[in-house]
Protein chains: 2
Amino acid sequence: MASLARAAGVAASTVSRALRNDPRISPDVRDRIVALAQEVGYTPNILARSLVGGSSGLIGLVLGPVDNPFYAELMQRAVTQAAARGWRLLLVHAGPGPIEQATADALLQYRVDGCLITSAELSSRAARICRDNQVPLVMVNRVAWEHGSAVSCDNDAAGALLADLLIEAGHRRLAVVSGNPTTSTSIERADGFIRRVRAAGLPEPLRFGGVNSHAKGFEAGQVIAALPAPDRPDAVLGVSDLIAMGIMDALREAGIAVPGEISVVGIDGVAAARRPPYRMTTVAQPLEDMMERALDLLNARMNGVHRADEVVTLRGDLVIGQSARLPARLTAG
Amino acid sequence: MASLARAAGVAASTVSRALRNDPRISPDVRDRIVALAQEVGYTPNILARSLVGGSSGLIGLVLGPVDNPFYAELMQRAVTQAAARGWRLLLVHAGPGPIEQATADALLQYRVDGCLITSAELSSRAARICRDNQVPLVMVNRVAWEHGSAVSCDNDAAGALLADLLIEAGHRRLAVVSGNPTTSTSIERADGFIRRVRAAGLPEPLRFGGVNSHAKGFEAGQVIAALPAPDRPDAVLGVSDLIAMGIMDALREAGIAVPGEISVVGIDGVAAARRPPYRMTTVAQPLEDMMERALDLLNARMNGVHRADEVVTLRGDLVIGQSARLPARLTAG
DNA sequence: CAATTTTATGCTAACGATTGCACAACAAAT
DNA sequence: ATTTGTTGTGCAATCGTTAGCATAAAATTG
């Protein structure tokens, strides 16, 4: 910048102001400087700017296990929407397992303006660091930890809705395959489902699960398929589309028709589950809106003013596929 | 840091040296400072350090469309391996389509030490920016552009290997479903395949494709299924696992047995293709090694010394699944 | 014990931007 | 003609850290 100023015959401060459209710089000088900057390919050093300005323009991103396409889709939204707001993402973690200390420290070292945790697992280390250092924190797709705001889908309602629809369509022996029993997402979805089943006076649903993976869903599907036909459930909820896909794969491999003999439904609305051969009936998370709200929450807390933690819950959208027998009133439309 | 120095009764430079284990600081002073820093929760500001040191510790990451699980898997490796080297990732793009100018500019503004482009599409804008500003650039899974090094799988050999195996197993009417015709990855894989088919004196393979997506593979599969049985190919290569999955889904939906009536093979080795119901026979890209080499290449160019651009090609690993009829010598073992 | 080397620390100037304040130039008002 | 107001620039301090050089204290040597 110094050399640019020398070349333009002005002071460095004038260059700085000209490039940021400070109204106090006369138009002709500004134009000359902008043209010159363009010519020599000058780009301001954001690191230096952050030093004086206080804000780095960086948002820390902690991603869940990306073998679940849901997180990949979430990431894509995060990148796009953050960019639209002029923020950049510092990708500090992606995958299963806890975040390493050295990695979490990077959040502080790079002075991120905020942090986005999109993982159903408890990434307590990153959350703790944010809390201890007043870094605004928003969690997506999970309830808030001790500190931080959260945006998630109404998981309980999603589970309940699917139960209601399956029951209305005449299913009587229901089952649910859960994910990780320590994640709120999995628990709430299963709870909502089971609550409605009980409310309908139907027998207690069969329960499987333990991990949010295709393999675990597949395993559960195999167990279900191996049951004698009269004991077999006639509808199964996989608490995530990934699990539901596994269930469906196992059932079909065992020669059981879906939805002919057993209905399968999932929750998340990932692209992979919507296409053939699954065409999953599922409750889609409103990803676009969720990310929008998440960034709004961050933004409101980024300029230093303290705000109470906030929890936003959005309703999911029912996606009618062909993996479950549904009430006629729905499939007709 | 200034307040820390005051609290410890030393100069700021001493604190700086103590925290970075400068041998010139006496052990007792160092221990006292480290303990104090720990206590007050002090974390050095990397932005400021970069300002004087010249290196930001950031690597720009440009990701391809993450609806292809291959890119998600690649990203996971990038995060893990970069962290192991003490680098952080600045995620500037993820998805299809070109990278925006403002986004690409961020690479310069944040003074990334290097850039990783993992997209088969030509992200010419990011590449151009890197070239114009001497930012080390490594492309993964595609050939080098005008500027930059590259790491990729031996795509031609992968296509050729699969062709040879299918032919050896007795297939006679082959087909190939390509991806984006502008990506080297797709072209090379198809070329290697076709070359071997011709060399074997077999009829010219049927060709489909145009986009690297499940939908396009599905579409091709439907067309193939609709052919009168005698004209139908008996083996199909999807140039990516994603495409191959689409093909398989369409064939099975049409009631055609895979691999009973038609063998299907893919290339990439993504997790989704290896599990049921696909159990794809494919050539897996050695992701771990590819990323390792990519970061090596970046590292060698990051300390300022100029090095000639380099292209590294790694051989893929044959994964024997159950989606294709293979020579007995392989399936027996 | 003086002279010399070693060791540990402090001082200060960078790094590349931003910003409050001072100031020069010029126009308008008294 | 002096004062007041406006407008556009420059100066210098600042952000948090590192690194070269100077220096004081301690340890070694003759």
Side-chain angles (χ1 to χ4, degrees), chain A residues 1-34 36-37 40-58 86 88 105-113 133 135 303-304, chain B residues 1-34 36-37 40-58 86 88 105-113 133 135 303-304:
Chain A
M1 179 162 131
S3 61
L4 213 181
R6 220 175 306 117
V10 296
S13 52
T14 303
V15 173
S16 169
R17 286 192 261 256
L19 293 176
R20 281 172 311 133
N21 285 319
D22 191 307
R24 301 184 308 180
I25 300 297
S26 61
D28 51 342
V29 172
R30 174 176 31 244
D31 292 349
R32 188 159 50 88
I33 293 179
V34 168
L36 194 59
V40 304
Y42 165 80
T43 311
N45 185 332
I46 296 248
L47 279 49
R49 177 180 295 174
S50 314
L51 202 54
V52 43
S55 109
S56 64
L58 291 174
R88 307 298 157 197
D105 285 341
L107 292 173
L108 298 178
Q109 297 174 333
Y110 283 93
R111 298 296 189 263
V112 296
D113 293 336
N133 297 274
V135 174
N303 29 30
Chain B
M1 179 161 132
S3 61
L4 213 181
R6 219 175 307 117
V10 297
S13 51
T14 303
V15 173
S16 170
R17 287 192 260 255
L19 293 176
R20 282 173 309 134
N21 285 319
D22 191 307
R24 301 183 308 178
I25 300 296
S26 62
D28 50 342
V29 172
R30 171 171 40 240
D31 292 349
R32 188 159 51 89
I33 293 179
V34 168
L36 195 60
V40 304
Y42 165 81
T43 311
N45 185 332
I46 296 247
L47 279 48
R49 177 181 295 175
S50 312
L51 201 53
V52 43
S55 114
S56 65
L58 291 174
R88 308 297 157 197
D105 284 341
L107 292 172
L108 298 179
Q109 296 174 332
Y110 282 93
R111 299 296 191 264
V112 296
D113 293 336
N133 296 275
V135 174
N303 30 30

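The figures that follow rest on heavy atoms only: side chains count, while hydrogens, waters and symmetry mates do not. Each chain gets a letter, A, B and so on, in the order its sequence line appears, and its residues count up from 1. This structure is a prediction, so every number in the text was calculated from the model and none was measured.
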>> Quick check for you: among C:dT19, D:dT18, C:dT9, whose closest atom lies nearest to any side-chain atom of A:Ser13?
In response: C:dT19
Atom [atom1] of [X] and atom [atom2] of [N]: how far apart are they, to the nearest Å?
X	N	atom1	atom2	result
B:Arg30	C:dT7	CZ	P	14 Å
B:Leu108	C:dG16	CG	P	15 Å
B:Asn21	D:dT18	CG	C1'	16 Å
B:Met1	D:dA19	CE	P	11 Å
A:Arg111	D:dG16	CZ	P	8 Å
B:Ile25	D:dA19	CD1	C1'	12 Å
A:Ile33	D:dG8	CD1	P	13 Å
A:Leu19	D:dT9	CG	C1'	15 Å

Considering just the side-chain nitrogens and oxygens of [X], establish if one lies under 4.0 Å of OP1 or OP2 belonging to [N].
X	N	value
B:Ser16	D:dG16	no
B:Thr14	C:dG10	yes
A:Arg20	C:dT19	yes
B:Ser26	C:dT9	yes

Side-chain contact test, heavy atoms from C-beta onward, threshold under 4.5 Å: evaluate it for [X] versus [Y] and give yes or no.
X	Y	answer
A:Gln109	B:Asn45	no
B:Val135	B:Leu108	yes
B:Pro44	B:Met1	no
B:Tyr110	A:Leu58	yes

>> Can you give me the closest heavy-atom contact between A:Ile33 and A:Ala8, atom names plus distance?
In response: CG1-CB, 4.4 Å
>> Any carboxylate oxygen within less than 4.0 angstrom of a Lys/Arg side-chain nitrogen, looking at B:Asp22 and B:Arg24?
In response: yes
>> Here's a test of your reading of the structure: between A:Ala12 and A:Arg24, which maps to the more 5' nucleotide of DNA chain C?
In response: A:Ala12
> Quick one: does A:Arg17 reach the base of D:dG10 with a side-chain donor-acceptor pair under 3.5 Å?
Replying inline: yes
>> Could you go through B:Leu47 and B:Leu51, starting from their C-alpha distance and side-chain angles, then the distance that decides it, and tell me whether this counts as side chain to side chain contact (heavy atoms under 4.5 Å, CB included)?
In response: CA-CA 6 Å; B:Leu47 279 48; B:Leu51 201 53; over 6 Å; no
> Hey, are B:Ser26 and B:Arg30 close enough side-chain-wise for a donor-acceptor pair under 3.5 Å?
Replying inline: no
>> So, taking the atom named CD1 in B:Ile25 and the one named OG in B:Ser16, what distance separates them when rounded to the nearest 0.5 Å?
In response: 9.0 Å
> Step by step, would you call B:Tyr42 with B:Leu19 a side chain to side chain contact (heavy atoms under 4.5 Å, CB included)?
Replying inline: CA-CA 10 Å; B:Tyr42 165 81; B:Leu19 293 176; 3.4 Å; yes
> Under a 4.0 Å heavy-atom cut-off, which of residues 3-11 of chain B touch DNA chain D?
Replying inline: none
> What are the residues of residues 41-57 of chain A, sorted by number, that bring a heavy atom to within less than 4.0 Å of DNA chain D?
Replying inline: A:Leu51, A:Val52
